[in-house]
Amino acid sequence: MEYLNVSTASATGNPRNKTALKPGRSLMDWIKLTNSSTNLSGNGNRLRDISLDELAQHKNKNDAWLAIRGMVYNVSSYFEFHPGGEEELMRGVGIDATDLFDQVHKWVNYESMLKKCLVGRLRTDSMLPPVKRPQSKLAVCKDLSMPPPFPSLSASSAGMVTTDWMQNLTTVTIVLYTRQKGLDARRISTSIDGNVFHTRIYSDDWLRCFDYQIRLAEDVHPFCKPTVSLTTGKVELGLQKKQIALHWQKLGDLEEVIQGFQPLGQAPPFFRRSVLTRKSRVNHNVFLCTLTFPTGQNFHVPVGWHVQLKLCLEDGTEVIRSYTPITSTLSSCETTDCPSISESPTALHFLIKIYANGPFTSALDRLSEGSSSIEVSNPIGNFVGSQLEGKNLVAIAAGTGITPLIRVAIDVLRNNRRVSLLFFNRTQDDIIWKEEFRELELKYPNKFKLWHVLSEPDDEWPGLRGRISKSVLATTILSEEYHDVGSNFACVCGPSDFTLETLRLLDSAGYTQETVHAFSG
Ligand code: NAD
């Protein structure tokens, strides 16, 4: 499954100045168009490098390109769908519209919204090509007492990251001058696997990342505690020498590295080893699986984000699926701030449904505790928690689609706001954590409202029946008591048809791109 933020669209326009869209030009219609075979980029899906001069030539409504964060999009088909109006969108056409876009709604995931419009990569000084083994200062050995060199202006102004290293008797410190303001330890992920040291640094808005990987020249203990300067973005990664007092002649050999930050969606995934330390049944076909990491791993999964799990099948094929980590119980998520997925995770927990003909889950079904066949990627996502600030949550989930909504819902409850959860399942036996949700309802009688809707109920079922529909919404989240678009934010997750239908209904109830996030299945 893949994640998609469809709560998006306005590439530059101000959401407060909305334009009435023509019939057939709603968010849903745009999603349908992008899911169709229509060629929206006009380039036959072959991406290429585009200069600022070339970008400037595509500045007419019927031939309109714009660039956001280094990527160029053909938005000619998007004008009629743009809620901020055609004029607003024209402001960004023919230019690098990143600043305009950020002024209005930086969090919007244009990458999924405009993915079919992608023409290529903007060629500017800040988007240098990938290099292998760059000539860096890494080969120079320094003592800690020596001040680090100031990164050159040309490099820092081009958004690049300069590197350095130093050592004393016990420690080797890798220094990355990112020049990114607002970095904190949560944005630094590290991995030490034998002699291979990997780090990924996420930008302050989590939209871009910098990857650095090196095969170290000498042995280190598998432990790294990053320190970050909030104001300068200088990141120091301290590694403990295994052989104290050994003077390293060089740091090591750089593996493939991009010199600067790149859009998260374009960064190759990085996987770390894990051991399946727990596999326990939650219901007849859902397992709670715990993956534990060897020491030396350090990463944080933001609320609403997921990881990819990679499993090598018996025939050697690799299968990758996305899953959202949760805590091992609903109540522990509520009381302990998800300790297992904070800065230094030792383990991640997943609710995984076994599908008889699903290659990944049926292979997982055959794994026993102790297996080390699963690798786990760095966190991926586009959900921005700040969208929910000051809002009540309307969560609409189907089946295992509840998983990404759990941490989001708990976060909202803990911030003393209201959560209304509409949870669709086939039968009572399929409901994940039914009792735990009941306890949450009792604990927060005025803050947490839950409706179960079953599509294949038995005769005894006293609750709501059917699938997602206008009438189900009308008696639940769109009823007078709960329907307040101005103070609600809606999150949707389930099978893709379910998600599309829910979005269509929310769209006609007044929810907009700015007030809905869909995790696509
Ligand atoms: P399921 O097949 O058991 O169905 C659960 C309920 O979904 C049904 O009772 C019904 O109400 C509704 N539903 C199913 N198909 C529908 C359709 N075509 N139209 C309208 N409603 C429909 O669900 P499952 O097997 O647990 O699957 C959950 C889905 O959620 C999967 O597709 C999975 O990929 C997705 N998912 C996505 C994420 C994410 O973060 N993107 C996370 C977890 C699960």
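Order of listing sets the numbers, starting from 1, for every ligand and every atom in it. Residues take their numbers from the sequence shown, with the count starting at 1.
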Student: More than 12 heavy atoms of other residues, nucleotides or ligands under 6.0 Å from CG of D315: yes or no?
Tutor: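 Result for CG/D315: enclosed.
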
Student: Evaluate salt bridge (charged side-chain N to carboxylate O under 4.0 Å, His left out) for R438 paired with E441, printing each intermediate quantity in order.
Tutor: CA-CA 5 Å; R438 178 76 194 125; E441 270 187 297; 3.3 Å; yes

Student: Check this for me - ligand 1, S455, N or O atoms closer than 3.5 angstrom, yes or no?
Tutor: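 Indeed, backbone or side chain, S455 has an N or O that close.
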
Student: Does ligand 1 have an atom that lies less than 4.0 angstrom from a heavy atom of R426?
Tutor: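 Contact check R426 vs ligand 1: positive.
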
Student: Using distance alone, determine whether K353 and ligand 1 share an N or O pair under 3.5 Å.
Tutor: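 So ligand 1 has an N or O lying under 3.5 Å from an N or O of K353.
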
Student: Under a 4.0 Å heavy-atom limit, does T400 contact ligand 1 with its side chain, its backbone, both, or neither?
Tutor: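 Both backbone and side chain of T400 come within 4.0 Å of ligand 1.
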
Student: Could you check whether R504 pairs with E501 (Lys NZ or Arg NE/NH1/NH2 to Asp/Glu carboxylate O, under 4.0 Å)?
Tutor: yes

Student: Going through the distances and angles, do R272 and N378 end up as a side-chain hydrogen bond (donor to acceptor under 3.5 Å, both in side chains)?
Tutor: CA-CA 8 Å; R272 26 171 70 77; N378 268 337; 2.7 Å; yes

Student: Is ligand 1 under 4.0 Å from a heavy atom in the side chain of Y355, in the backbone, in both, or in neither?
Tutor: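 The side chain, only.
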
Student: Counting only heavy atoms, which portion of C493 has something under 4.0 Å from ligand 1: side chain, backbone, both, or neither?
Tutor: side chain

Student: May I ask you to say whether K279 pairs ionically with E369, meaning some side-chain N is under 4.0 Å from a carboxylate O?
Tutor: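 Not counted as a salt bridge, because no side-chain N and carboxylate O are separated by less than 4.0 Å.
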
Student: State the atoms of ligand 1, each with its element, that fall below the 4.0 Å cut-off from a heavy-atom position in T403.
Tutor: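 Near T403, the atoms of ligand 1 are 42 (C), 43 (C).
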
Student: Are D204 and R187 close enough for a salt bridge, meaning some N to O gap below 4.0 Å?
Tutor: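 A salt bridge is absent here (no side-chain N lies under 4.0 Å from a carboxylate O).
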
Student: State, with a plain yes or no, whether a side-chain heavy atom of V419 is found less than 4.5 Å away from one of N392.
Tutor: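 When only atoms from C-beta onward are counted, N392 and V419 do not touch, as no gap falls below 4.5 Å.
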
Student: Which is it for P404 and ligand 1 at heavy atoms under 4.0 Å: side chain, backbone, both or neither?
Tutor: side chain

Student: Which atoms of ligand 1 are found less than 4.0 Å from any heavy atom of F519?
Tutor: 39 (C), 40 (O), 41 (N)

Student: Is there a heavy atom in R467 that sits closer than 4.0 Å to ligand 1?
Tutor: yes

Student: With heavy atoms only and a cut-off of under 4.0 Å, state how N425 meets ligand 1: side chain, backbone, both or neither.
Tutor: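 Only the backbone of N425 comes within reach of ligand 1.
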
Student: Taking atom CZ of R417 as the centre, does the number of heavy atoms from other residues, nucleotides or ligands within less than 6.0 Å exceed 12?
Tutor: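 It does: R417 CZ has more than 12 such atoms within range.
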
